[in-house]
Every structure is written in C-alpha cells, then in structure tokens.
2 protein chains.
Amino acid sequence: MIRIILVDDHAVVRNGYRRLLDAEPGLQVVGEAGSADEANSLILHTEADVALVDLSLRGSSGIEAIRGMLLRQPKLKILVLSMHDGASHITQALRSGALGYLTKYCEPADVIDGIRRIACGKRVFSPEIAQVLAEEAIDGDGALAHLTPREFEVLRMLAHGESAIRIASSMHVSPKTVLNYLSLIRQKLDADSDFKLLHLAARHGLVDIHHALGA
Amino acid sequence: MIRIILVDDHAVVRNGYRRLLDAEPGLQVVGEAGSADEANSLILHTEADVALVDLSLRGSSGIEAIRGMLLRQPKLKILVLSMHDGASHITQALRSGALGYLTKYCEPADVIDGIRRIACGKRVFSPEIAQVLAEEAIDGDGALAHLTPREFEVLRMLAHGESAIRIASSMHVSPKTVLNYLSLIRQKLDADSDFKLLHLAARHGLVDIHHALGA
DNA sequence: GAAAATCCGGGAAAAACTCCCGGTTTGCCG
DNA sequence: CGGCAAACCGGGAGTTTTTCCCGGATTTTC
C-alpha cells in the first residue's frame, strides 16, 4: 500500500485527487496540506511514502514545502504536479529533491502511474517537462551561468524594476560600475533588447513574474 | 434546482467540483467540458443555468468558451473561476459576458454561495478581484486607453521583443517614427524604465506573460 | 605564490533617446 | 462645405545612455 499526502492550496483540487487516488487499489491518501507550514507539520505525525505537491502555494512556495518535508522525512518521494512548465520552476524543484514533475494537464491515469513509479524510486516526467529539460541541457546550464555573482546581483535588481543609479547606491558602488556591468551582462546574455534581458531573468526565476508583472 | 456545467481542462478539478456541488442540495452538475469547443457543443444539448468556467483552457482561451456559450444560450449565467487576478483577464471576461469572477483560492463554501447568487442574476466577485476592479476604475480605464492605435501597435510589438528597427520595417514607416512613438508612449504611460513599460503591457494583456516569458 | 578571474571605475566615441518642429491625412461638427 | 482637432509621419539638434577600451586593486584557484 502506497501512502500519499497531498500538498495543494486548493481544497477542491485536493478533494479531487483524494477521490481519484483512494479509488485506486494499492493507493491511499493519508493526509492533506494547504501550505508549506501545514505540510511540514503534517509530515511529522504521518507516515507517508509519496507526496504530491503543487508548486504554486499561497504565501510560501511549493519549493519550501519540498525542502521542509525532505528535511524531516528524507525517504519521502516527491512528485510535483504543477501548472507551470518554466525552466526555473522545474530545475528548482528537482534541485530541492523532487523525484518527478508532471504538469496538471496530464491524464489522471498518468498521475496514478507516476505515483506507482515514484514510489519505486524512479523518476517521472511529463513529455513537455522532458522537452524543457532537454533544451536546458543543450543550453549548457543556461546562459546565466557565466555571470559573475556581482553581475547576477545587478540583473536581479534590474529585473525588479530598479534603476541603474538606485542599484549603484544599493550596492555601494559608482553608477558607472553598474552601467559597465549591465553592458557586460547584455553581452554575455546576447540580449539586444531590455525585453530579452527580462525574459531571461524571468525564465531563471530571478523575478516572480506573476507578482511583479501582476498577470 | 440549479443546473451547472463545468468548463475546465483539468479532469481532476472537474471531478472535485462535481463531487462538491452534487453534494449540495439544490445544485446539480449536468455536464463537463475540457475545452471551448467541447463547451460550445455541450451547451447545445444540455439545459444549464450556470456555467463554471476556468479561464486558462488549453489551446483556446476560456474567453472564447464564454462567448461561444453565450451566443448559443444567452440566458446562461457564467461564473469565472480562475487562478489569475490580472486586470486584463478580469475585464476581458466581464466584457465577454461573465457575471462573476472568483479566484480559485476562495473557499468551497464561497463557490457554492457564488453559484446561488449568480443563478439569481447577481454579480459575484472575490475580494481580490473587487480590489483590482476598483484600482482599474480609479486609473480611469487604465493608462493604455489614451494611446492612439498606432502607438498601441508599437507597444505591443515592443512587448513581444521586437527592436525599434524591426518594428519600423514591419509597419512600413521610418525607424525615426517608431522612436518618436516610443517617446510618446513612455511619456503617456509615465514609464521611466523599460521594465515599467513591460509591466503595463503585461497587465493589459498585450503579451501573454506565461508564454512569452516561458514561466 | 603565481595566475586567473573578479571587482571597480575613468574617458571618449557611438548609439539611442528627447524634444521640437512642420507637413499630410483623417474624421467630425457647426 | 470649411474649419478644426487629432492622428500620422518624419527631419534636426541637443542631451543622455551605452559601448568599448583601458588599468589598477582585490579575491579566488591551483
């Protein structure tokens, strides 16, 4: 019997999964959490084999939930179920210890199959996710990798809408230095437009698009 | 008895709502659709009072589903249930004929209550949504409103990452003209940074953030 | 320790942007 | 029909930003 806990901030979605999974022989939902905090406390007094977690929790991120749960229960197998197929979400989740990643568009049967395979320690990915991972691999770590820490910092602040001058004073350096960094960044990232810069920053999780751009 | 149809591309979510609503006295789910096309054909051979629709359908948009269904069944009351609280989504949905708009973060009880009120012809909004609508109202139609069609076009292309020169050739005008437009746009929108420009463009639906930025 | 990379900023040329201008076209209203 | 306002289009000059080059100080790496 595979014991499952659900981490998702939509009660209705949790209900749907509970109903789906409990109906399946060999699977049993033993707990639900609506936030990272709830997940962390749940894991302490529940014996679970697999956690199904949604990345976009309210308040805290699903990433936190993953880290917290693994800290308390290292043998837990984590399968991410997310709406998002952006590179940053995927790599962050995997680096945090998730074993698999499915988009919410996959069929219920795929989820069930995925859970069974995750429980055996296998990795599970939706086709779209595998695609994104492949592209990332080809990119060779992603373009942002060759940025120096300082350059990275500048880019992050820029993506948050700060002006060069504000960045400079915040970093306690001359505005000229920041401008020089920006020049280098544009060059390294092959970004001819500010849009492209923002694009790359967003893809790599430097800025929370949904919050920052309000979409 | 209020007859309800569910439009959402996640089978599990539909299941969750069906379970939730059928358990409620006076409510009954009479059909489900996973896409705008399915919704349109479903509405033809089903008598429904209320449609619960998710905006982010795969392929087609939920907006299309709303328009299609209202075309075939003008008396249908539509309640949008969406993850997104961006101004563009909300106004588009309402302009397309939706009567209410709830975020998926609200409680199941709120959804049930919302359905009952929508069925009576009342409008229903989550607090966050009401907030956004209020801000829009204060903005006075949104800053983008004073842009001329041509300026709007330039902004849209810019938001898609095109350079000024490419925009110019695409519009069959001189690059200088495009630069002048850009100048005006920045002025009208009070945007001191390109980031702010993108921010505004995104909020008003000129660019699909999730797709364009791959997040 | 030496070598390499990073951090930091100056200066000058090049590119981009702003602001102002005038001409043309379009649509509206007295 | 004759203004008239708004939008469309682009030139020119001045200002600002960006780029590209430089060299020295500091840190990391082998």
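Naming convention: chains lettered A, B, ... in sequence-line order (proteins, then strands); numbering from 1 in each chain. On a predicted model such as this, the values are computed, not experimentally measured, just so you know.
Just one of A:Met157, A:Arg156, A:Glu153 meets the side chain to side chain contact (heavy atoms under 4.5 Å, CB included) condition when paired with A:Ile167; it is A:Met157.
OP1 or OP2 of D:dC20 lies within a sub-4.0 Å distance of a side-chain N or O belonging to A:Gln187. Residue A:Ser183 has no polar side-chain atom (N or O) positioned under 4.0 Å from OP1 or OP2 of D:dT18. Between B:Thr148 and the phosphate of D:dA6, there is no side-chain N or O to OP1/OP2 separation shorter than 4.0 Å.
Separating the CD atom of A:Glu151 from the P atom of C:dC8 is a distance of 11 Å, rounded to the nearest angstrom. Protein atom NZ of B:Lys188 is 8 Å distant from nucleotide atom P of D:dC8, rounded to whole Å. Rounding to whole angstrom units, CD1 of residue A:Ile167 and P of C:dC8 are separated by 14 Å. At whole-Å resolution of the value, CD in A:Glu153 and C1' in C:dC7 are 14 Å apart. In this structure, the CD1 atom of A:Ile165 is 10 Å from the P atom of D:dT18, given to the nearest Å. What separates CZ of A:Arg186 from P of C:dA15 is a distance of 16 Å, to the nearest Å. Taking atom CD1 of residue B:Ile185 and atom P of nucleotide D:dC9, one finds them 13 Å apart after rounding to whole Å. Separating the CG atom of A:Leu182 from the P atom of C:dC7 is a distance of 14 Å, rounded to the nearest angstrom.
Side chain of A:Ser169 to main chain of A:Arg166: a donor-acceptor pair is present (N/O by atom type, distance under 3.5 Å, no hydrogens or angles). Formation of a donor-acceptor pair under 3.5 Å by the A:Thr177 side chain with backbone atoms of A:Val173 is not found in this model. Looking at B:Asp8, its side chain never comes within 3.5 Å of a backbone N or O of B:Val13 through a donor-acceptor pair. Side-chain atoms of B:Ser126 do not come within 3.5 Å of backbone N or O of B:Ile129 as any donor-acceptor pair.
A salt bridge between B:Arg14 and B:Asp9 is absent, with no side-chain N of the basic residue lying under 4.0 Å from a carboxylate O of the acidic one. Electrostatic pairing of B:Asp194 and B:Arg186 counts as a salt bridge here, judged by a charged N lying under 4.0 Å from a carboxylate O.
Against DNA chain D, the stretch residues 169-181 of chain B makes heavy-atom approaches under 4.0 Å through B:Val173, B:Ser174, B:Lys176, B:Thr177, B:Asn180, B:Tyr181.
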